Amino acid sequence: MCYKFLTLSKRLLHNLSLPIYCMSQKVEKPVLSGQRIKTRKRDEKEKYDPNGFRDALVQGLERAGGDLEAAYKFLDAAGSKLDYRRYGEVIFDVLIAGGLLLPGGSVSMDGETPKTNTCIFNASEDMETMHNFEQVFVKLMRRYKYLEKMFEEEMKKVLVYIKGFEPLQRVKLARMTALWICNGCVPPSVLLVLVNEHLLKENVALEFVLEVFATVKNERGVASLVTALKKGQLEGRLLEFLPLNRRSEESLAAMFGARGLGEVVRLHRAQASQEARRELTRVLDEELNDERPVRDIIPDLRDMAQKNNIPDHEVVAIIWQCVMARGEWNKKEELLAEQAAKHLRQYTPLLAAFAHSAKAEIALLTKVQEYCYENMNFMRAFSKLVVMLYKSEVVSEEVILRWYRDPNSSKGKLMFLEQMKKFVEWLQSAEEESESGEEED
């Protein structure tokens, strides 16, 4: 019994000391052994090889032998084998220039089959051929939708290279660009990449856009051309396509007129005029906010108007708009007329400075009429404002009578004619008295 107890005690002491012993020893990590797992082929990133992709594309296009229908069938089928998502830019390089485009516009001649004849640059420049190529691009991008965005970026690159292309190649590309703009493959704003110093020299950019615009007009008509210019916000930026030393309205009119694009010039001038009016409005608002004296504002507006060919009748309308926008009007209608007349009276010298002609005075009366009609609280203030402008010698008796006989605007016509009836009768009687006095003399 004593022997068994001693044996059990020894085992217990041994087990208690075992963890201490193990902790004092350095435990080595287990080593895994076995066969190395290979990376799946689809997980390996393939080397970027545009030359190899181009070679495959060129070989297929050459087998088509210049038949664009066969060429498209090849491109359609090749999309399941070739990586169009990765090499979309190469596809468009080949279809446009025949091979890989290098910076500057040359074609790379490295590789086994660097170039194909089935491309825009090697095609005839007649519009029938251009339309056939257009269909290849359109159908290809409909089949592979992700190519659409790539094509827009591709065109931004290609257009920067046009100085390196031959003159006839630039004509073909311009005609194709016109067709792509018409069918929506590229936005008209893509042409703005041509506003680049090295392209502006020697009229390279100008000649290109003139060919584009002329083609759009011939293919789709003036309305489509105007729509494209507005969509791309190009109508106000046409001067930017001219070389710096020839950047003038006269040169623009001459260049565009020579290509039968007079409508574009008129659109440009209209846009430029609108921008000038907006700028004049902005300047006037600033000067009124700064409370500059009217005598100092007049020459500033006069200079701007003359510089931008803004006629006085339009300047008067702008002044009215800015002046009335500054008013803080009483909500009580019976007090509003007097308040508005008092507010307007301090700006009558500014209005009078530009209301020198009957046309300008009629324009002012029409603005007053429309303002009072559109702001209902001013409906009863119309006659009071007109009388104040008459007494301040802004509008004349003759113009008021002319307006009364035939108002330019129908807004509130009957009500305002009724308001002006007594004052007009007084003017007419005064005029008759004046005429009778002259006869007696």
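This structure is a prediction, so every number in the text was calculated from the model and none was measured. All values below come from the heavy atoms of this structure, side chains included, with hydrogens, waters and symmetry mates left out.
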Using a strict threshold of under 4.0 Å (side-chain N to carboxylate O), is an ion pair present between [Y] and [X]?
X      : Y      : value
Arg259 : Glu211 : yes
Lys342 : Glu338 : no
Arg282 : Glu279 : yes
Glu134 : Arg175 : no

Under a 4.5 Å cut-off applied to non-hydrogen side-chain atoms, are [X] and [Y] in contact?
X      : Y      : result
Glu219 : His131 : yes
Leu364 : His313 : no
Asp296 : Glu287 : no
Met415 : Tyr373 : no
Leu234 : Pro188 : yes
Leu389 : Val368 : yes
Ser273 : Asn308 : no
Leu350 : Leu301 : yes

Taking all heavy atoms of [X] and all of [Y], pick out the closest pair and write down the distance.
X      : Y      : answer
Ser409 : Thr366 : CB-CG2, 4.0 Å
Leu191 : Phe241 : O-CE2, 3.4 Å
Leu242 : Ser248 : CD2-O, 4.2 Å
Arg54  : Gly99  : CD-CA, 4.5 Å
Ala355 : Val316 : N-CG2, 3.8 Å
Leu159 : Val190 : CD1-O, 3.8 Å

Whether the side chain of [X] engages the backbone of [Y] through a donor-acceptor N/O pair (distance < 3.5 Å, no angle test) should be reported.
X      : Y      : result
Asn183 : Leu179 : yes
Lys217 : Gly260 : yes
Gln369 : Lys411 : yes
Glu62  : Asn117 : yes
Arg302 : Ala353 : yes
Thr129 : Glu125 : no
Glu370 : Ser410 : no
His343 : Val323 : yes
Arg380 : Ala337 : no
Asp290 : Arg292 : no

| said: Under the criterion side chain to side chain contact (heavy atoms under 4.5 Å, CB included), I'd like the reasoning laid out for Val58 against Lys115: C-alpha separation, chi angles, the key distance, then a yes or no. | reply: CA-CA 6 Å; Val58 168; Lys115 200 170 181 182; 5.9 Å; no
| Sole candidate of Asn122, Thr116, Ile120 that passes side-chain contact (heavy atoms from CB on, under 4.5 Å) when paired with Thr118 |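 Single side-chain contact (heavy atoms from CB on, under 4.5 Å) partner of Thr118 among Asn122, Thr116, Ile120: Thr116.
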For the [atom1] atom on [X], are there more than 12 heavy atoms of other groups (residues, nucleotides or ligands in this structure) within a distance under 6.0 Å?
X      : atom1 : answer
Gln346 : CD    : yes
Glu425 : CD    : yes
Glu374 : CD    : yes
Gln274 : CD    : yes
Lys391 : NZ    : no

What distance do [X] atom [atom1] and [Y] atom [atom2] have between them, rounded to the nearest 0.5 Å?
X      : Y      : atom1 : atom2 : answer
Tyr87  : Asp93  : OH    : CG    : 13.5 Å
Lys145 : Met141 : NZ    : CE    : 9.5 Å
Ile162 : Arg170 : CD1   : CZ    : 6.5 Å
Leu225 : Glu235 : CG    : CD    : 11.0 Å
Phe378 : Tyr371 : CZ    : OH    : 4.0 Å
Phe92  : Leu140 : CZ    : CG    : 6.0 Å

Taking atom types as modelled, is there a side-chain donor on [X] or [Y] under 3.5 Å from an acceptor on the other?
X      : Y      : result
Ser189 : Gln233 : no
Thr215 : Asn218 : no
Thr281 : Arg277 : no

| Think Arg86 forms a cation-pi with Phe53, using NZ or CZ under 6.0 Å from the six-ring centre and within 45 degrees of its axis? |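 No, Arg86 and Phe53 do not form such a contact.
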| Which class fits the ring pair Tyr390 and Phe423: parallel under 30°, tilted 30 to 60°, perpendicular over 60°? |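 Ring orientation of Tyr390 relative to Phe423: perpendicular.
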| What is the ring orientation for Trp403 with Phe382, classed by angle as parallel under 30°, tilted 30 to 60°, or perpendicular over 60°? |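 Tilted.
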| task | Please assess Thr227 against Ser224 for the test side-chain hydrogen bond (donor to acceptor under 3.5 Å, both in side chains), listing each intermediate value before the final yes or no. | result | CA-CA 5 Å; Thr227 300; Ser224 291; 5.9 Å; no
| said: Evaluate Glu240 against Arg237 for salt bridge (charged side-chain N to carboxylate O under 4.0 Å, His left out), listing each step before the verdict. | reply: CA-CA 6 Å; Glu240 296 179 32; Arg237 303 187 63 177; 2.9 Å; yes
| task | Only one of Glu275, His268, Arg269 passes side chain to side chain donor-acceptor pair (under 3.5 Å) with Gln271; say which it is. | result |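 The passing option is Glu275.
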| request: Please step through side-chain hydrogen bond (donor to acceptor under 3.5 Å, both in side chains) for the pair His356 and Glu361, ending with a clear verdict. | output: CA-CA 7 Å; His356 283 308; Glu361 292 179 43; over 6 Å; no
| After noting the C-alpha distance and the side-chain angles of Leu100 and Asp110, does the key distance pass the side chain to side chain contact (heavy atoms under 4.5 Å, CB included) rule? | CA-CA 9 Å; Leu100 284 176; Asp110 295 338; over 6 Å; no
| Verdict with reasoning, Val138 to Cys185, per side chain to side chain contact (heavy atoms under 4.5 Å, CB included) | CA-CA 7 Å; Val138 170; Cys185 285; 4.0 Å; yes
| message | Suppose we call two aromatic rings close when their centres sit under 6.0 Å apart. Are Trp180 and Phe151 close by that rule? | response |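 Here the rings of Phe151 and Trp180 have centres that are less than 6.0 Å from each other.
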| request: Starting from the C-alpha separation in whole Å, work towards a yes-or-no answer on side chain to side chain contact (heavy atoms under 4.5 Å, CB included) for Leu229 and Phe213. | output: CA-CA 9 Å; Leu229 291 172; Phe213 295 160; 3.6 Å; yes
